Amino acid sequence: MAGWRAAYAHILPAAFLAGLSVADRAGRWRSRLGAAALPDAPTLVAVDAEDAVVGFAHTGPLRDADLPAEGRAEIYTLYVHPGAWRAGIGRALVDEVEAFCLARDMDELFAWVFEANHAARAFYAAVGFVPDGATQIDDFGGVQPVEVRYRRSLRGP
C-alpha cells in the first residue's frame with residue numbers, strides 16, 4: 001500500500017488511499033499466487049538482502065479489446081516500495097517480464113499508466129515504452145483519472 005499511497009497521492013483522493021486495506025490486498029494476492037495462479041500470468045517479486053519484498057510485477061496476456069492478444073503481453077501491476085525507488089528494481093522487474101515474454105514468443109509488451117503520474121511515465125519511457133495514443137478512464141473513489149497506454153516492442157525498434 002505504501003507504493004500506491006506515495007505514487008498516487010496527487011492523483012487519487014486521500015480518503016480512498018487511506019481506506020486501502022493491507023489485509024484485503026494480501027488476501028487477493030494470496031489467491032493470485034496460490035492455486036489460482038496462471039502460468040501465463042506470473043507475479044515476479046523483488047526482495048532485499050533480508051528477504052523483505054521491495055517490489056513486484058504482475059503480467060499476463062493483453063486484455064485490451066482493440067488489439068489481438070496473440071503475441072502481446074501486459075504488465076498489469078508494477079510497484080516498488082518508495083524506500084527502494086531509483087535503485088534499479090523497477091528496471092530489473094521489467095527486464096524479467098521481458099525475458100518471460102520473449103521465452104513465450106511475445107512481440108510486444110503493454111502497460112497502462114495514469115496520465116498525471118509523471119514519474120511512472122518517465123520510468124516507462126526510460127525502459128523503452130512509448131504511449132500509443134490509447135486512453136481509458138477508471139473510477140477510484142469518485143475520481144476518474146485518465147490512463148495512457150504504453151507499448152514496447154520486444155523484437156527491436
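Just so we're clear, the structure is a prediction, and the values are computed from it rather than from any experiment. Index from 1, following the sequence.
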Any heavy-atom pair between the side chains of V47 and V54 that's under 4.5 Å?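 No, too far: nothing below the 4.5 Å cut-off.
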
Is there a side-chain contact between L78 and F56 (heavy atoms, below 4.5 Å)?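 No. Closest side-chain heavy atoms not under 4.5 Å.
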
List, by chain and number, the other hydrophobic cluster members for V146, where Ile, Leu, Val, Met, Phe, Trp and Tyr join if side-chain heavy atoms come within less than 4.5 Å, directly or indirectly.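 Result for V146 is I137.
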
Verify same cluster id: [X], [Y] (apolar side-chain graph, 4.5 Å):
X    : Y    : answer
L62  : L154 : no
F110 : L93  : no
W112 : L44  : no

Kindly compute the distance separating OH (Y76) from NE2 (H58), expressed to the nearest 0.5 Å.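 One finds 6.0 Å between OH of Y76 and NE2 of H58.
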
Please assess F123 against V94 for the test side-chain contact (heavy atoms from CB on, under 4.5 Å), listing each intermediate value before the final yes or no. CA-CA 11 Å; F123 167 77; V94 170; 3.8 Å; yes

Partners of D105 by side chain to side chain contact (heavy atoms under 4.5 Å, CB included), sequence neighbours excluded?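 For D105, the residues satisfying side chain to side chain contact (heavy atoms under 4.5 Å, CB included) (neighbours in sequence not counted) are R155.
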
Just jot down the side chain to side chain contact (heavy atoms under 4.5 Å, CB included) partners of P145, sequence neighbours excluded, or say none.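 Listed in chain order: I11, L12, F114, F140, V143.
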
Which residue pairs satisfy the side chain to side chain donor-acceptor pair (under 3.5 Å) criterion with at least one member in residues 86-99, sequence neighbours excluded?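 Every pair satisfying side chain to side chain donor-acceptor pair (under 3.5 Å) with a residue in residues 86-99: E98-R152.
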
Does [X] use its side chain to pair, donor to acceptor, with the backbone of [Y] at less than 3.5 Å?
X    : Y    : answer
N117 : A120 : yes
S153 : E108 : no
E74  : L109 : no

Listing, residues 124-132 side-chain donor-acceptor contacts under 3.5 Å, not counting sequence neighbours, or none:
from: D132; atom 1: OD1; to: A134; atom 2: N; distance (Å): 3.1
from: D132; atom 1: OD1; to: R149; atom 2: NE; distance (Å): 3.3
from: D132; atom 1: OD2; to: R149; atom 2: NE; distance (Å): 2.8
from: D132; atom 1: OD2; to: R149; atom 2: NH2; distance (Å): 3.0
from: D132; atom 1: OD2; to: R151; atom 2: NH1; distance (Å): 3.3

Under the side chain to side chain donor-acceptor pair (under 3.5 Å) rule, collect the residues that match up with Q136, sequence neighbours excluded.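 Residues passing side chain to side chain donor-acceptor pair (under 3.5 Å) with Q136: E147.
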
What salt bridge (charged side-chain N to carboxylate O under 4.0 Å, His left out) pairs are there with at least one residue in residues 46-57, not counting sequence neighbours?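 The answer is none; no pair qualifies.
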
Enumerate the residue pairs fulfilling salt bridge (charged side-chain N to carboxylate O under 4.0 Å, His left out) with a member in residues 120-131, sequence neighbours excluded, ordered by first and then second residue.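 Qualifying pairs: none.
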
